[in-house]
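Read through the structure below, which is laid out as structure tokens, and then see the notes.
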Protein chains: 2
Amino acid sequence: MATSVPDAGTSNGSQAEEICLVCNDFSTGYHYGVPSCNGCKTFFRRTIMKKQVFACQYNGTCTIDKSIRCACRHCRFEKCLKVGMDRNAIQQNRDPIGYTKRTRRYPPAKTLTASMGVSPPAIVPQSQSPQQSVNELTAEQMAEDVLLQTLMQVENQVEKLRNSNFVMQKSLIEAVLATSIFLDPQFIESPMEPAHNYDILRPAKMADYHYWHEREWVIMIEWAKTIPVYKELDLADKLALLRYSAITYPAMIQCFYTPDKGPDTIVFPNGAYFDRNPEPERPAGFQRKKFQMLDNLLKPLRDMRVDINEFAAAKAIFFLNPDADDLQPDTRHPIAETRASITNALYRYMVKRRGSEEAADRYGKLLLLGTVIATMAVEMKEAVVVADFFEQVKFSPFAKELLFGVKHEANGGTPISVVTP
Amino acid sequence: MATSVPDAGTSNGSQAEEICLVCNDFSTGYHYGVPSCNGCKTFFRRTIMKKQVFACQYNGTCTIDKSIRCACRHCRFEKCLKVGMDRNAIQQNRDPIGYTKRTRRYPPAKTLTASMGVSPPAIVPQSQSPQQSVNELTAEQMAEDVLLQTLMQVENQVEKLRNSNFVMQKSLIEAVLATSIFLDPQFIESPMEPAHNYDILRPAKMADYHYWHEREWVIMIEWAKTIPVYKELDLADKLALLRYSAITYPAMIQCFYTPDKGPDTIVFPNGAYFDRNPEPERPAGFQRKKFQMLDNLLKPLRDMRVDINEFAAAKAIFFLNPDADDLQPDTRHPIAETRASITNALYRYMVKRRGSEEAADRYGKLLLLGTVIATMAVEMKEAVVVADFFEQVKFSPFAKELLFGVKHEANGGTPISVVTP
DNA sequence: AAGTAGCGGTCAAAGGTCGA
DNA sequence: CTCGACCTTTGACCGCTACT
């Protein structure tokens, strides 16, 4: 326990390799691919080898620092994964799929080079280096991983944009055609504005629902424009994808980014919240949507402890729906291809973080959330049409453009009607 | 914690290290820099961590000895400091670790394997036995694989039943409650009847659609009764699952088992077929369903060359939808568990047959068909309701029971209206 | 031949547990 | 409530192997 507090003041990045990325203690070199200290290195290895699963006593957001790195093993392990420690670099206890023999336990005798029979690969390196199937990626796989990394990086900007005070005064078409703010270096480097106060909550009013939906839509549009395949689509196809996700994208965002105020509460960044209580002034059918969000989205996301990177991938997978209405037949294929690229990269990401066994289970559960998304998309499309038909909801021009594909007027942009919450 | 025992030269040092410098009890090693016993070690830590301050009842000169070390906490703590215990060696609170007594309970969850039954094993499995990693499947995994194998075996009977001339004259409720024909040894051993002649095709008429839908429903019911978790459900939950899949189960069956007459044709076993041609006599909305079946189900099933075993798993995964309407809350969890068991077993099956790389891609694509299924389920539920409302379709009593949950009449069974094709 | 980076293993010494 | 026998967890240090 070296008590020596490192002078963190040196902003020199070249020293970064000497600091443990997990706990900021002095690093003793690269371990499992990450500059880290002996403690975090050993902790990571032990956790994986013993297949331990921890639970955070709080809300899974504990800060990990040298002085308190032992306080929450769940968050410490999550931090290890977050900074990129690679469980495939752990040698014992290998991937159960590509069966490799291990020669541990009692005899250190390595005379039994052949060990047990089954040796699938032509070359069997006796003592396994962490190479092989893991680091050897094809060019295609690397491209897929780059795509996923881009999604992850953008996702890390989403909350910043969501909490910010930006005002978009564009029509839907203009917003779709403009360059994404997520690709604007000035925005990327801007600091996160102080989070809203989540301690003072108040029930959401109609104005809150409208305000936040339109805000999430703008975020969805800015986000979509960062996806390579999306940029290449015709305007009509872009709008078709946006329309398909118009209901579910805000729902996913709101479920994932709400602070944990219990299993029945979803909070908007301004402190407005809703829960299971009925709200008679809202159109019928929206109560059902609330239950679906709480039971079928929020709960599994929480239970699975979906991390932001998995969430980034899931959002894109469900958004890039080649079966969405009104897509031109020619564009379905490239969309499906990109979707497959993301699923493949997501799977590799999960294997790296969770191991192949848990990854398969987790991957399946996450993809099956697609059924929930699809159900909500269809049901709410119906409900929205009905609500509009009976004029229960006064949709803004922006909303009508998005939900119903109302033709854009020749020249003037229809400004977003921002409702002050 | 390199001990760096400084005893090198001291003659009697070897003896002193075995004695607690605080109370002269046997020491258990160095604690906080001083050879000390467990009691004094723990006492010192507790005192520091709880920031306790003691007062001596006498004059602060109490002797501390093993027999009376608890008599005066003030003087005991002073003695700790005097012999050199280092308060800087006290660390922060750590994460709680749970039970440590081996005579109590089973370890803190995580291993769902032996969750059933009482069986607290004398030896806690929590300890490290790094075995089981490679070829060895856990008992849980083996149970999952057995479940999948059962589904596969039943699936191999489906076409036999579908092509047979069986006539079910039962009401929905009776069919649900009876024993599955798939579990009847007599049926299992019966030979497959000669397949229908798929060379002579004719366009399907309304009667064909009705006939085959009701027939697929009967097959669905017989099939569902072979799923262990399904058997345990209440009648209402059984009906809820059947209702959810009432549209999509026949669609999946028809897509998978149709002979390949080109990408736009689906053939029933009696030679009746349909394709993309509009059929004005059918209700609006059914044309859309046909396109969905051809484009979103038949095409991917063909493109992926889904085999019958994968199909068996997929059917069950989509059928066991824990989010289906009207399910009781308590039954959602066991359904989700079984669904996860099947997905896991399916993944292992794919890895075995295709290798881990292709398996991940294939597994993802197959599970994402769930979005198609969910979309069709919801849309057709709407369409069916509308169709019934406008009486465009004369639903049979059996169909009404299934689709709308019409109450079963007290005694008489409502016979299936078998339309001769 | 010697050096180094990064694996896994080790065990003294931390902290946690729970019946007495 | 405190005590302390007994337990788990931690991490500085070590040996090992592959690759310079």
Side-chain angles (χ1 to χ4, degrees), chain A residues 1-2 17 20 22-23 25-50 52 54 66 68-73 76-77 85-94 102-105 108 110 125-131, chain B residues 1-5 17 20 22-23 25-50 52 54 66 68-73 76-77 85-105 107-108 124 126-128 130:
Chain A
M1 315 268 158
E17 291 182 2
C20 172
V22 179
C23 72
D25 197 355
F26 292 118
S27 126
T28 61
Y30 276 73
H31 302 295
Y32 313 110
V34 169
S36 44
C37 67
N38 268 321
C40 293
K41 160 200 154 188
T42 310
F43 171 78
F44 185 72
R45 182 181 68 237
R46 256 197 310 257
T47 301
I48 287 172
M49 289 183 39
K50 292 164 77 174
Q52 285 173 298
F54 305 120
K66 169 176 163 39
I68 54 171
R69 64 187 169 201
C70 297
C72 179
R73 289 175 293 170
R76 188 184 192 183
F77 186 64
M85 279 193 176
D86 181 359
R87 69 185 304 144
N88 295 90
I90 285 177
Q91 297 175 346
Q92 188 151 346
N93 171 14
R94 301 187 74 83
R102 141 187 107 247
T103 59
R104 263 305 93 154
R105 229 45 289 180
K110 60 183 84 166
Q126 204 279 341
S127 66
Q128 51 289 61
S129 61
Q131 315 302 88
Chain B
M1 301 315 132
T3 45
S4 67
V5 180
E17 286 174 12
C20 171
V22 179
C23 72
D25 196 356
F26 292 114
S27 124
T28 62
Y30 276 71
H31 302 294
Y32 313 110
V34 170
S36 44
C37 67
N38 263 323
C40 293
K41 159 200 149 187
T42 309
F43 171 79
F44 184 73
R45 180 178 67 242
R46 265 200 298 257
T47 304
I48 300 276
M49 291 185 59
K50 294 164 76 173
Q52 287 173 299
F54 306 119
K66 169 175 165 46
I68 55 168
R69 63 188 170 199
C70 298
C72 177
R73 291 188 289 173
R76 188 184 188 184
F77 185 63
M85 280 194 174
D86 180 4
R87 66 190 313 148
N88 293 321
I90 300 281
Q91 300 176 355
Q92 296 283 342
N93 277 346
R94 288 189 185 172
D95 209 12
I97 59 175
Y99 288 105
T100 56
K101 301 292 188 243
R102 296 195 164 183
T103 56
R104 272 271 180 193
R105 296 208 174 195
V124 182
Q126 211 260 2
S127 65
Q128 69 288 14

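Values below: all heavy atoms of this structure, side chains included; hydrogens, waters and symmetry mates excluded. Letters go in sequence order (proteins before strands), and every chain restarts at 1.
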dA12(D) phosphate, OP1 or OP2, under 4.0 Å from Lys41(A) side-chain N/O: no

Sugar-phosphate only, base, or nothing, as touched by Arg45(A) at under 4.0 Å among non-hydrogen atoms: base

Pairwise side-chain contact, Thr47(A) with Arg73(A), heavy-atom cut-off 4.5 Å (strictly under): no

Rounded distance (Å) that lies between atom C1' of dG8(C) and atom CG of Asn88(A): 17 Å

Phe44(B) vs Arg87(B) side-chain heavy atoms within contact, under 4.5 Å: yes

Nucleotide dA20(C), atom P - distance to CG of Asn38(B) in whole Å: 18 Å

Phosphate-side-chain proximity, Arg69(A) and dG11(D), N/O vs OP1/OP2 below 4.0 Å: yes

Inter-residue atom distance Lys66(A).NZ - Cys20(A).SG, 0.5 Å rounding: 10.0 Å

Short side-chain N/O contact to dG15(C) OP1/OP2 from Arg73(A), under 4.0 Å: no

Side-chain N,O (Gln92(B)) to OP1/OP2 (dA14(C)) below 4.0 Å: no

Sugar-phosphate, base or nothing in reach of Lys66(B), heavy atoms under 4.0 Å: nothing

Touch class at under 4.0 angstrom, heavy-atom based, for Cys70(A) against every strand present: sugar-phosphate

Protein-nucleotide distance (Lys50(A), atom NZ; dG9(C), atom C1'), rounded to Å: 13 Å

Whole angstrom value for the distance that separates P of dA14(C) from CE of Met49(B): 14 Å

Spacing between Asp25(B) atom CG and dG4(D) atom P, to the nearest angstrom: 9 Å

Under-4.0 Å salt bridge between Arg69(B) and Asp25(B): yes

Whole-Å distance separating the CD1 atom of Ile97(B) from the C1' atom of dC18(C): 12 Å

Nearest-angstrom distance from the residue atom CZ of Arg94(B) to C1' of dG15(C): 5 Å

OP1 or OP2 of dT8(D) under 4.0 Å from side-chain N/O of Gln52(A): no

Tyr30(A) side chain near dT4(C) phosphate (N/O to OP1/OP2, under 4.0 Å): no

dA12(C) phosphate, OP1 or OP2, under 4.0 Å from Tyr32(B) side-chain N/O: no

Worked verdict on Cys37(A) versus Ser27(A) for side-chain contact (heavy atoms from CB on, under 4.5 Å): CA-CA 4 Å; Cys37(A) 67; Ser27(A) 126; 5.6 Å; no

Phe54(A) CZ to dT9(D) P, straight-line distance once rounded to whole Å: 7 Å

Under-3.5 Å donor-acceptor pair between Arg46(A) side chain and dG9(C) base: no

